[in-house]
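Have a look at the structure below, then the notes.
To find a chain, count down the sequence lines: A is the first, B the second, and so on, and within it residues start at 1. The structure presented is a predicted model; accordingly, all values stated were derived computationally and were not measured.
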Amino acid sequence: MRNLIEKPVNTLFLGTDWESVETLKALHQDPRFTIVGVITTIDKPVGRKQIMTPSKVKEYALHSGIEVFHTEKNLDRYQMALDIFKPELIVCKAFGEIVPEFFLNYPIYKAINVHFSKLPKYRGAVPIQKAILEGDKETGISIMIMSAGLDEGDVLKIIKEPILEKDTNQTLRERLVNISAKELGNILDDWINEKITPVKQDSSKATYCWQKDISKENAEIKWNDMEPEYIERLVRAMIPWPVAWCKLDMNTENIYSGKILKLFEVELFKNTSELKPGTLYHKDNMLLLSTKNKDISLRVLQLQIEGKNKISERDFLNGFER
RNA sequence: CGCGGGGUAGAGCAGUGGCAGCUCGUCAGGCUCAUAACCUGAAGGCCGUUGGUUCGAAUCCAACCCCCGCAA
């Protein structure tokens, strides 16, 4: 037994974006853990003006007086990090680099990863988006021991979470981040005190998802191929990036002809329409898009036209075909 | 100087040389059991900025600022 309050665990944190920060913050504020340092990606050019910007994790760490280290995918630098920080535990959330095995095996309490799916389902980079796209009713958080393979390590705990009808990649992610930030400390405590037995994954049941599945290219709506139900899920999965989109028909007379339309929020709407799939029309103060299913349209609640700001259905209709 | 779209009332949009418009919202009043309903009325603009052309510019020309999409 180890009383972590009396003897906090020297922990090294790996992460990059805002969701990593929430996890890092939870551990940093937890007296049972001492964050000896964080490893994150180097500053990158961001936005239209390509301003060099540190990762969110780096920002938080510098602000909180935590030492920051960049490994830059360099094996020597991973070794250097171990020499400097001598971690008893490594915690990883959304780091984005392949981590060498010797690094993972160094800490006595192993390297622990937080993954947003019920492993072995959806191993890989975009499990939340994949679960929404597939129309799953439930997903989860897997706390697992990192191994050389992609999300193949033994699982300490799975926390289940329902996927709500209106959940987007963003709303669901926020919920999972909050839950995992809240629970992680206790789970790690139990793990360190040997109250948890790691469970091997049944690799025969493994499924995978890849970053390239969530791309601008894959966010394009193919009106003649996709069912309305799928498009609705696509819209929710692509929030906040890259956002489901399509090119509006060139033949229409209005000013939006040929422009890119981005869909931020849609819902299925029962209405019979003979219009060509992907045509914008309005009825009873509602903005609708026809689909390949003549009896189901998509009601558009939040949208953005190329060159314009993101607006609501109501705002759009105020200026549409008047 | 990467490519392109745009800046007109609080919001969304018309308006290509001749009095500043539409829909929504806001405010006041009316109608209704009721309303994101309907009726009546009102307020609200340096038409992104600066200069130029013209009898006259939101509109044509030049420069600049800002917003957005694409690309990276």
Practice task
Answer with yes or no whether the side chains of A:N178 and A:E174 bring together a donor and an acceptor at under 3.5 Å.
Solution key: no
Problem - Separation of B:rU23 C1' from A:L287 CG (nearest whole Å) - result: 15 Å
Exercise for the section: State, yes or no, whether a side-chain contact exists between A:L119 and A:M144 at a heavy-atom distance under 4.5 Å. Expected result: yes
Handout entry: Atom-to-atom span, CZ of A:F316 to P of B:rG25 - whole angstrom
Key = 18 Å
Exercise for the section: Name the pairing partner of B:rG2, where a pair is Watson-Crick or G-U wobble with both distances under 3.5 Å, or state none. Expected result: B:rC70
Handout entry: Spacing of A:E217 atom CD relative to B:rA71 atom P, expressed in whole Å
Key = 10 Å
Restricting to nitrogen or oxygen on both sides, can you table the protein-nucleotides 7-11 of chain B pairs closer than 3.5 Å?
{"from": "B:rA11", "atom 1": "O2'", "to": "A:D315", "atom 2": "OD1", "distance (Å)": "3.1"}
{"from": "B:rA11", "atom 1": "O2'", "to": "A:D315", "atom 2": "OD2", "distance (Å)": "2.9"}

Completion exercise
A:R314 CZ to B:rC13 P, in whole Å, measures 15 Å
Practice task
Run the numbers on A:R123 and A:S203 for side chain to side chain donor-acceptor pair (under 3.5 Å), then give the verdict.
Solution key: CA-CA 10 Å; A:R123 291 173 176 174; A:S203 285; 3.1 Å; yes
Practice task
Could you measure between the two P atoms, the one in B:rG41 and the one in B:rG4, and give it in whole Å?
Solution key: 48 Å
Problem - Interatomic distance at C1', B:rC61 relative to B:rU16, whole Å - result: 14 Å
Handout entry: Between B:rG10 and B:rA43 - C1' atom distance, rounded Å
Key = 12 Å
Handout entry: Any side-chain donor near an acceptor of the partner, A:Y281 and A:S297, under 3.5 Å
Key = yes
Exercise for the section: Ignoring hydrogens and angles, state whether a donor on the side chain of A:T40 or A:S55 is under 3.5 Å from an acceptor on the partner side chain. Expected result: yes
Practice task
Provide, to the nearest angstrom, the distance between the CG atom belonging to A:N309 and the C1' atom belonging to B:rG12.
Solution key: 11 Å
Exercise for the section: Give a yes/no on whether any side-chain N or O of A:K259 is located under 4.0 angstrom from OP1 or OP2 of B:rG4. Expected result: no
Exercise for the section: For B:rA58 and B:rU49, measure between their C1' atoms and round to the nearest Å. Expected result: 14 Å
Exercise for the section: Using atom CG of A:L317 as one end and atom P of B:rC22 as the other, report the distance to the nearest whole Å. Expected result: 19 Å
Problem - Pairwise C1' distance, B:rU32 and B:rA37 [rounded to whole Å] - result: 9 Å
Completion exercise
When both distances are under 3.5 Å in a Watson-Crick or G-U wobble arrangement, the nucleotide paired with B:rA62 is B:rU50
Handout entry: Length of the line joining A:D284:CG and B:rA37:P, which is rounded to integer Å
Key = 14 Å
Practice task
Remember a base hit wins even if backbone is also touched, and classify A:K216 as base, sugar-phosphate or nothing at under 4.0 Å, heavy atoms.
Solution key: sugar-phosphate
Problem - Which residues share a salt bridge (Lys or Arg N to Asp or Glu O under 4.0 Å) with A:D151, sequence neighbours left out - result: none
Exercise for the section: Give the rounded distance in Å between these two atoms: NZ of A:K310 and C1' of B:rC67. Expected result: 16 Å
Handout entry: Euclidean distance for C1', B:rC13 against B:rG2 (whole angstrom)
Key = 30 Å
Practice task
Tell me the partner of B:rU32, counting only Watson-Crick (N1-N3 plus N6-O4 or O6-N4) or G-U wobble (N1-O2 and O6-N3) with both under 3.5 Å; none if nothing fits.
Solution key: none
Practice task
In whole angstrom, give me the gap between the P atoms of B:rU59 and B:rC19.
Solution key: 14 Å
Exercise for the section: Report the base-pairing partner of B:rC24 (Watson-Crick or G-U wobble, both distances below 3.5 angstrom), or none. Expected result: B:rG10
Problem - Phosphate-side-chain proximity, A:Q304 and B:rC68, N/O vs OP1/OP2 below 4.0 Å - result: no
Exercise for the section: Determine the interatomic distance between P on B:rC65 and the same-named atom on B:rC24; round to the nearest Å. Expected result: 39 Å
Completion exercise
In short, A:L298 meets A:P228 closest at the heavy-atom pair CD2-O, 4.0 Å
